[in-house]
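By convention in this document, chain letters (A, B, ...) are assigned in the order of the sequence lines, proteins followed by strands, and residues within each chain are numbered from 1.
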There are 2 protein chains.
Amino acid sequence: MTTEQNATRRGRLPMHLEISEMLAREIKAGVILDGEKLEPERVMAKRLGIAVGTLRKALAQLHENGLLERVQGSGNYVRNTGTDNTIYGYFRLELLTGGGLPSATIVSVDAITDTDTVRFSEQGDYYRIRRLRHLNGTGAALEEIWLDAAYVTTPITPQHLSDSLYQFYKSELGIWISRVEDSISADQPPDWRPADFCPAAKPCWGYVERTGWDQHGRQMEFSKTWFDTDTTRYLARWK
Amino acid sequence: MTTEQNATRRGRLPMHLEISEMLAREIKAGVILDGEKLEPERVMAKRLGIAVGTLRKALAQLHENGLLERVQGSGNYVRNTGTDNTIYGYFRLELLTGGGLPSATIVSVDAITDTDTVRFSEQGDYYRIRRLRHLNGTGAALEEIWLDAAYVTTPITPQHLSDSLYQFYKSELGIWISRVEDSISADQPPDWRPADFCPAAKPCWGYVERTGWDQHGRQMEFSKTWFDTDTTRYLARWK
DNA sequence: TTGATGAATTGATATACAATTGATTATAGT
DNA sequence: ACTATAATCAATTGTATATCAATTCATCAA
């Protein structure tokens, strides 16, 4: 017995469950990409400051959940094919310090019929959703999403909007994103920015325009995102 | 046993998988055309610095995926049906109007030994290359590339710098980029910006930091790019 | 035109060593 | 009973090297 074991861990989950949940979060969030190989168990255990046996319990848990493939003599390989938000593994906002758990609060939801801001719906009816996006609880970005109203047959609830919209689309409406294009530039923040949101932010923000197409090649989404470059960056990866 | 084998390959995929993924990317991207014949296995293995058996594992993998036809006594032939539908992402600078033929002029090439700007070389020796990048002839971005001098065994010529460095590395030195990460933010342009380069540009530019790793997982490149948001945007495309 | 020959190339297999995970056992704390 | 640590050994894979078999292809001669 070396260090703490259980003395200082009162009220917390067992170590192996904490580890497996941490890794599961990273896999689902796309921090660890599909196909990626983890460090050797002994190296990883040493880095985490735990015994190999404990780590192996955590990895076995991930294997049961289908998130990890364990190959004797080779290594542990991440399997993340089932989730629909694999895009986040490649393009996403994250903290300058790395990572960050995303959350969002809704500013407004409006049905807009005639507009020149966007033009991809056939009927010309849109939903415009404005959200404040946070990473680890701190304000990171302002977001304005435009949806083709013809798609939205089920009423949108705040619950849907604070979660992943893509998840909602796939499970409720049977459509999913098959292609995404992001255009990144710099701009001033929009006028609907709350005064208390990133008060120290510079007048120059990062600006992302995202266009999303569904599996039939129809444009289904257009969004604008202004992010505070003092705390947040846009990350693009290519494996 | 030759050199490193697995010592420096922690967390990286097995070599034969790295090789097959690299070749698969080149086939899908059209770098290697349909029907093209690969080098003899022994030649190719020697150029890549691996054993024939390892290369053969990689080629067998490609054959399983239907990307390669292997004819005993003749050679390995690429089969690119174009029906492949795997995830593919990429990112680049392009004009606001779309596209743009890239070109570059060199501002300076310096050998720098002690610096705190970057830190990824073991010896601490770098080449710093500063370029002006143009799209369709108009100024688009300023670029500062840092290379590990330990890699550069062959003298760099201006030809290499205006062409793709990646191509040079792969064919001449047997190393290639297997992973890239871009971090996009906003910033002021650097002080070495020529006065006549984008004179109308705003004081706030788009700013990209790129990190590139080779097939061994060693960082081999770091670059900074400032782009003029009046003319240029950073584009990220997925699938 | 035909057939034989030999070089070049890939196919297949075996060996040796290293690296990695799988599994078991023992010990101790809560 | 559950959790955590530690120390084993076994089983599998990864890589390098070597050797031989099978196939293709070009060349040459009849």
Exercise for the section: Specify the separation, in whole Å, of atom NZ of K37(B) and atom P of dT9(C). Expected result: 7 Å
Handout entry: Interatomic distance, M44(B) CE vs dT9(C) P [rounded to whole Å]
Key = 14 Å
Problem - Nearest non-hydrogen partners of S121(B) and Y126(B), listed with the distance - result: N-OH, 3.1 Å
Exercise for the section: Evaluate the side-chain proximity of E21(B) to Q215(B): yes if any heavy-atom separation is below 4.5 Å, no if none is. Expected result: no
Exercise for the section: Could you please spell out the steps behind the salt bridge (Lys or Arg N to Asp or Glu O under 4.0 Å) verdict for K46(A) and E39(A)? Expected result: CA-CA 11 Å; K46(A) 192 167 188 179; E39(A) 300 169 290; over 6 Å; no
Completion exercise
When rounded to whole Å, the NE2 to C1' distance for the pair H16(B) and dA19(C) reads 14 Å
Practice task
Check the surroundings of atom NE2 in H134(A): do more than 12 heavy atoms from other residues, nucleotides or ligands lie under 6.0 Å from it?
Solution key: yes
Practice task
Could you check how far CG of L55(A) sits from C1' of dA7(D), rounded to whole Å?
Solution key: 17 Å
Exercise for the section: Among the candidates dG14(D), dT20(C), dA16(D), find the nucleotide nearest to the side-chain atoms of I50(B). Expected result: dA16(D)
Practice task
Hey, can you tell me if Y234(A) and Y234(B) have their rings parallel, tilted or perpendicular (30° and 60° cut-offs)?
Solution key: perpendicular
Practice task
Answer yes or no: is there a side-chain heavy-atom contact under 4.5 Å between F222(B) and T117(B)?
Solution key: no
Handout entry: Length of the line joining L13(B):CG and dT13(D):P, which is rounded to integer Å
Key = 17 Å
Practice task
Verify, without hydrogens or angle tests, whether D214(A) (side chain) and H216(A) (backbone) share a donor-acceptor contact under 3.5 angstrom.
Solution key: yes
Handout entry: S74(B) side chain near dT10(C) phosphate (N/O to OP1/OP2, under 4.0 Å)
Key = no
All N/O contacts under 3.5 Å from nucleotides 11-13 of chain C to the protein, with atom names and distances to one decimal?
unit_1, atom_1, unit_2, atom_2, d
dG11(C), OP2, E41(B), OE2, 3.3
dG11(C), OP2, R56(B), NH1, 2.9
dG11(C), OP2, R70(B), NE, 3.3
dG11(C), OP2, R70(B), NH2, 2.6
dG11(C), O4', Q72(B), NE2, 2.8

Exercise for the section: Would you kindly give the NZ-to-P distance between K57(A) and dA4(D), to the nearest whole Å? Expected result: 6 Å
Handout entry: Atom-to-atom span, CD of E69(A) to C1' of dT21(C) - whole angstrom
Key = 13 Å
Problem - Nucleotide dG14(D), atom P - distance to CG of L48(B) in whole Å - result: 18 Å
Handout entry: Partner of I19(B) under side-chain contact (heavy atoms from CB on, under 4.5 Å), chosen from L13(B), L48(B), L62(B)
Key = L48(B)
Exercise for the section: Would you indicate, yes or no, if dA16(D) has its OP1 or OP2 atom less than 4.0 angstrom from a side-chain nitrogen or oxygen of T54(B)? Expected result: yes
Problem - Result of checking L68(A), N65(A), D34(A) against R79(A) for side-chain contact (heavy atoms from CB on, under 4.5 Å) - result: D34(A)
Completion exercise
Rounded to 10°, the angle between the first-five-pair and last-five-pair axes of the helix from dT1(C)-dA30(D) to dT30(C)-dA1(D) is 30°
